[in-house]
Engineer: 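Below is the structure I would like to discuss, written out as structure tokens.
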Amino acid sequence: MKDLLELREEIDGIDNQIVELYEKRMQISEQVAQYKIENHRPVFDKERELSKLEKLSAMAHSPFTKHGVTELFEQIMAMSRKKQYQLLTANGLAEKPDFTPVDSLDFENARIVFQGVEGAYSQQAMKEYFGEKCDGYNVDTWRDSMEAIKNGEADYAVLPIENSSAGIVSENYDLLVEYDNYIVGEQIIRIDHALLGHPDATLSDIEVVYSHPQALMQCSAYLEEHREWEKISLKNTALSAKKVSDDGKKNQAAIASKVTAEIYGLQVLQDAIQDNKSNSTRFIIVTGKPVYSKEARKISICFEIPHESGSLYHMLSHFIYNGINMTNIQSRPIQGRNWEYRFFIDFEGTFEDTAVQNALRGLSEETTSLKILGTY
């Protein structure tokens with residue numbers, strides 16, 4: 001039997017041949033790309049690739065190597081496509097998204113809508129982003145906010161999208177797909193939850209606690225210490241404080257911000273009851289036009305992919321290959337299609353970056369559906 005050194009030398013020799021053949025193949029891929037450019041042919045030909053993979057795997061002699069050959073050539077073909085996307089960009093054939101850059105977003109005389117009532121965290125985020133004197137008004141639901149933009153009743157809407165403790169606000173991800181509104185900014189605010197009660201109440205009086213479902217989740221450890229309390233979900237933390245104020249019952253309390261205690265005449269029974277003491281929520285600013293500030297450095301997209309093994313990996317490889325840093329990835333079930341998902345990704349970059357153009361070109365050809373949600 002050969003010793004380990006001899007075996008490694010043989011592998012090195014084979015690897016050298018593989019590298020040589022790989023580079024030769026990529027050179028021919030460039031010629032293929034040039035042909036497709038001149039003849040206006042798409043880069044991605046799925047049927048051709050599937051047929052090619054079937055023939056190549058049939059040449060292998062064991063189930064293990066058949067699978068390995070398929071995986072190897074999937075990668076080689078994917079890299080060939082990425083090279084071709086780069087050549088399309090280099091030849092000035094990049095398809096930039098239909099977004100309009102502006103020197104700065106126009107907030108003058110803008111109407112801003114937020115969900116909830118006076119004192120809601122969304123209102124706080126609005127004031128931090130647009131300023132204390134901004135022209136804002138409230139609606140009952142997040143859908144109402146998107147409708148207000150769609151109908152021209154508001155210029156911007158403020159929506160919570162993610163909390164550092166409780167995770168994503170799934171409904172708002174779905175609304176971004178449903179409506180043709182676009183993200184143009186974001187605002188992160190610290191969330192400090194307090195237990196608010198009637199001015200004459202004490203902790204021993206409390207029997208019922210109202211709040212938004214996510215706020216209840218964010219205070220789960222504190223609420224676990226008071227299992228005897230009934231927990232009831234409402235649309236908004238500030239609405240919960242308003243209810244306790246309106247009802248005037250000593251046995252009721254709300255989990256909301258201390259700001260709402262001042263607004264609705266309640267007292268703080270317990271401060272900072274959230275599990276995560278650095279609890280924060282990220283809000284997005286949306287508008288009805290596909291515009292963006294020239295200073296924007298983050299892009300949000302969503303896409304659907306074939307329900308096949310390796311599909312997500314191949315889509316994410318466009319970011320890896322082009323050296324793009326993803327900052328967030330989420331998934332949401334696609335309504336009416338069991339066990340299929342839509343993916344949402346935030347990544348760093350601008351529409352002017354060739355790497356971003358290459359990645360978006362690849363995603364547009366290889367996903368079943370791609371939507372650019374905005375850049376900010």
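Small disclaimer: the values here were computed from a predicted structure and weren't measured.
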Engineer: Run the side chain to side chain contact (heavy atoms under 4.5 Å, CB included) test against Ser278 and tell me which residues pass, sequence neighbours left out.
Structural biologist: Arg190, Asn276
Engineer: Does the Thr368 side chain pair with the main chain of Glu304, one donor and one acceptor, at a distance under 3.5 Å?
Structural biologist: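 Checking the backbone N and O of Glu304 against the side chain of Thr368, a donor-acceptor pair under 3.5 Å is found.
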Engineer: What pairs of donor and acceptor atoms, side-chain ones from residues 214-221 against any protein atom, are under 3.5 angstrom apart with sequence neighbours left out?
Structural biologist:
residue, atom, partner, partner atom, Å
Gln214, NE2, Ile168, O, 3.1
Gln218, OE1, His193, NE2, 2.7
Gln218, OE1, Asn279, ND2, 2.9
Gln218, NE2, Asn163, OD1, 3.3
Gln218, NE2, Gln214, O, 3.4
Ser220, OG, Met217, O, 3.3
Ser220, OG, Asp275, OD2, 2.7

Engineer: Are side-chain heavy atoms of Met315 and Thr367 found at a separation under 4.5 Å?
Structural biologist: yes
Engineer: Are Ile232 and Trp229 linked, directly or through intermediate hydrophobic residues, by side-chain heavy-atom contacts shorter than 4.5 Å (ILVMFWY only)?
Structural biologist: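 They do not share one cluster, since no chain of ILVMFWY contacts under 4.5 Å joins Trp229 to Ile232.
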Engineer: Stepwise, does the salt bridge (charged side-chain N to carboxylate O under 4.0 Å, His left out) test hold for Arg143 with Glu171?
Structural biologist: CA-CA 9 Å; Arg143 179 177 291 278; Glu171 182 182 343; 5.4 Å; no
Engineer: Partners of Glu118 by side chain to side chain contact (heavy atoms under 4.5 Å, CB included), sequence neighbours excluded?
Structural biologist: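 Glu118 satisfies side chain to side chain contact (heavy atoms under 4.5 Å, CB included) with Gln123, Ile263, Tyr264 once adjacent residues are dropped.
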Engineer: Can you list the steps and then say if Glu230 with Val209 is a side chain to side chain contact (heavy atoms under 4.5 Å, CB included)?
Structural biologist: CA-CA 6 Å; Glu230 182 182 3; Val209 177; over 6 Å; no
Engineer: Under the side chain to side chain donor-acceptor pair (under 3.5 Å) criterion, do Lys82 and Ser317 qualify, and how do the steps go?
Structural biologist: CA-CA 9 Å; Lys82 292 179 180 68; Ser317 70; 2.9 Å; yes
Engineer: Between Leu196 and Ala241, what is the shortest heavy-atom contact and its length?
Structural biologist: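 Closest approach of Leu196 to Ala241, heavy atoms only: CD1-CB, 4.3 Å.
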Engineer: How close do Lys235 and His212 get, counting heavy atoms only, and between which atoms?
Structural biologist: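 Minimum heavy-atom contact is O-CD2, 3.0 Å.
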Engineer: Just to verify, what does Phe107 make a ring pair (Phe, Tyr, Trp, His ring centres under 6.0 Å) with, not counting sequence neighbours?
Structural biologist: Tyr129, Phe130, Tyr156
Engineer: Does the side chain to side chain contact (heavy atoms under 4.5 Å, CB included) test come out yes or no for Leu360 and Asn358, once each step is laid out?
Structural biologist: CA-CA 6 Å; Leu360 291 177; Asn358 293 336; over 6 Å; no
Engineer: So which atom in Ile37 and which in Leu87 form the shortest heavy-atom distance, rounded to 0.1 Å?
Structural biologist: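 Ile37 and Leu87 have their closest heavy atoms at CD1-O, 4.1 Å.
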Engineer: Evaluate Thr281 against Glu162 for side chain to side chain donor-acceptor pair (under 3.5 Å), listing each step before the verdict.
Structural biologist: CA-CA 6 Å; Thr281 294; Glu162 182 182 17; over 6 Å; no
Engineer: Examine the side chains of Asn328 and Gln330 and answer whether a donor and an acceptor come within less than 3.5 Å of each other.
Structural biologist: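 Yes, side-chain donor-acceptor contact under 3.5 Å.
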Engineer: Begin with the C-alpha distance, continue with both residues' side-chain angles, and end with the deciding distance and a verdict on salt bridge (charged side-chain N to carboxylate O under 4.0 Å, His left out) for Lys250 and Asp200.
Structural biologist: CA-CA 7 Å; Lys250 291 172 62 176; Asp200 297 328; over 6 Å; no
Engineer: Name all residues meeting the side chain to side chain donor-acceptor pair (under 3.5 Å) criterion together with Ser300; count only those two or more places apart in sequence or in a different chain, and write none if there are none.
Structural biologist: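 Partners of Ser300 by the side chain to side chain donor-acceptor pair (under 3.5 Å) criterion, ordered by chain and then number, come out as Asp346, Tyr376.
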Engineer: Taking Gln270 for the side chain and Leu195 for the main chain, is one N or O donor matched with an acceptor at less than 3.5 Å?
Structural biologist: no
Engineer: Does any N or O in the side chain of Asn39 come within less than 3.5 Å of the main-chain N or O of Arg41, such that one atom is a donor and the other an acceptor?
Structural biologist: no
Engineer: State whether the side chain of Lys298 and the backbone N or O of Gly349 hold a donor-acceptor pair below 3.5 Å, judged by distance alone.
Structural biologist: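 Not confirmed, Lys298 side chain does not pair with Gly349 backbone.
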Engineer: Give the other cluster members for Leu5, using side-chain heavy-atom distances under 4.5 Å between Ile, Leu, Val, Met, Phe, Trp and Tyr residues; answer none if it is isolated.
Structural biologist: none
Engineer: Would you say the side chain of Tyr121 lies within less than 4.5 Å of the side chain of Ser257, judging by non-hydrogen atoms?
Structural biologist: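 Contact flag for Ser257/Tyr121 side chains = yes.
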Engineer: Backbone N or O of Pro199 within a donor-acceptor pair of the Gln267 side chain at under 3.5 Å?
Structural biologist: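 Flag set: sc Gln267 to bb Pro199 pair under 3.5 Å.
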Engineer: Apart from Phe64 itself, what residues make up its hydrophobic cluster, given side-chain heavy atom links below 4.5 Å?
Structural biologist: none
Engineer: Output yes when a side-chain donor or acceptor of His226 lies under 3.5 Å from a complementary backbone atom of Glu228, and no otherwise.
Structural biologist: no
Engineer: Run the ring pair (Phe, Tyr, Trp, His ring centres under 6.0 Å) test against Tyr292 and tell me which residues pass, sequence neighbours left out.
Structural biologist: Phe351
Engineer: Would Thr70 and Glu74 satisfy side chain to side chain donor-acceptor pair (under 3.5 Å), going step by step from the backbone distance to the final call?
Structural biologist: CA-CA 6 Å; Thr70 299; Glu74 279 181 341; over 6 Å; no
Engineer: Are Leu105 and Ile284 connected in the hydrophobic side-chain network, where two residues link if heavy atoms are under 4.5 Å apart?
Structural biologist: no
Engineer: Please determine whether side chain to side chain contact (heavy atoms under 4.5 Å, CB included) holds for the pair Leu373 and Cys302, giving the CA-CA distance in whole Å, both sets of side-chain angles, and the decisive distance to 0.1 Å.
Structural biologist: CA-CA 7 Å; Leu373 302 174; Cys302 68; 4.1 Å; yes
Engineer: Walk me through whether Asp12 and Arg8 qualify under salt bridge (charged side-chain N to carboxylate O under 4.0 Å, His left out).
Structural biologist: CA-CA 6 Å; Asp12 288 344; Arg8 284 177 171 170; over 6 Å; no
Engineer: Can you find a heavy atom in the side chain of Met146 that is under 4.5 Å from one in the side chain of Leu176?
Structural biologist: yes
Engineer: Apart from Val139 itself, which Ile, Leu, Val, Met, Phe, Trp or Tyr residues share its cluster (side-chain heavy atoms under 4.5 Å, direct or through members)?
Structural biologist: Val113, Tyr137
Engineer: Salt bridge (Lys or Arg N to Asp or Glu O under 4.0 Å) with Lys258: which residues, sequence neighbours excluded?
Structural biologist: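 Partners of Lys258 under the salt bridge (Lys or Arg N to Asp or Glu O under 4.0 Å) test: Asp271.
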Engineer: Indicate yes or no: at least one non-hydrogen side-chain atom of Lys36 is less than 4.5 angstrom from one of Pro42.
Structural biologist: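 No - every pair of side-chain heavy atoms lies 4.5 Å or more apart.
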Engineer: Do Ser240 and Thr237 pair up side chain to side chain, a donor and an acceptor below 3.5 Å, judged on atom types alone?
Structural biologist: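 Short answer, no.
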Engineer: List the steps, then state whether side chain to side chain contact (heavy atoms under 4.5 Å, CB included) holds for Met126 with Cys134.
Structural biologist: CA-CA 8 Å; Met126 177 188 73; Cys134 64; 3.7 Å; yes
Engineer: Would you please say whether a donor-acceptor pair under 3.5 Å links the side chains of Asp144 and Gln115?
Structural biologist: no
Engineer: Are Leu53 and Leu72 connected, step by step, through hydrophobic side chains (Ile, Leu, Val, Met, Phe, Trp, Tyr) whose heavy atoms are closer than 4.5 Å?
Structural biologist: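 Result: yes, single cluster for both.
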Engineer: Should Thr354 and Asn322 count as side-chain neighbours, where that means a heavy-atom distance under 4.5 Å?
Structural biologist: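 Of all side-chain heavy-atom pairs linking Asn322 with Thr354, none is under 4.5 Å.
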Engineer: Do the side chains of Thr350 and Asp353 get nearer than 4.5 Å, heavy atoms only?
Structural biologist: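 Yes, side chains in contact.
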Engineer: Considering non-hydrogen atoms only, spot the tightest contact between Gly362 and Tyr85 and give its length.
Structural biologist: CA-CE1, 3.3 Å
Engineer: What pairs with His307 under ring pair (Phe, Tyr, Trp, His ring centres under 6.0 Å), at least two apart in sequence or on another chain?
Structural biologist: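 Ring pair (Phe, Tyr, Trp, His ring centres under 6.0 Å) check on His307 returns nothing, list empty.
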Engineer: Hey, does the side chain of Asn172 reach the backbone of Val169 with a donor-acceptor pair shorter than 3.5 angstrom?
Structural biologist: no
Engineer: List the residues meeting side chain to side chain donor-acceptor pair (under 3.5 Å) with Lys243, not counting sequence neighbours, and say none if there are none.
Structural biologist: Asp247
Engineer: Quick one about Ser51 and Glu47 (side-chain donor to acceptor, distance below 3.5 Å, no hydrogens or angles considered), yes or no?
Structural biologist: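 Checked: Glu47/Ser51 side chains show no N/O donor-acceptor pair below 3.5 Å.
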Engineer: Per the side chain to side chain donor-acceptor pair (under 3.5 Å) rule, which among His314, Arg81, Lys46, Arg361 passes with Glu366?
Structural biologist: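 Of the listed residues His314, Arg81, Lys46, Arg361, the side chain to side chain donor-acceptor pair (under 3.5 Å) partner of Glu366 is Arg81.
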Engineer: How about Met77 and Lys52: do any of their side-chain heavy atoms sit closer than 4.5 Å?
Structural biologist: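 Counting from C-beta outward, Met77 and Lys52 do come under 4.5 Å.
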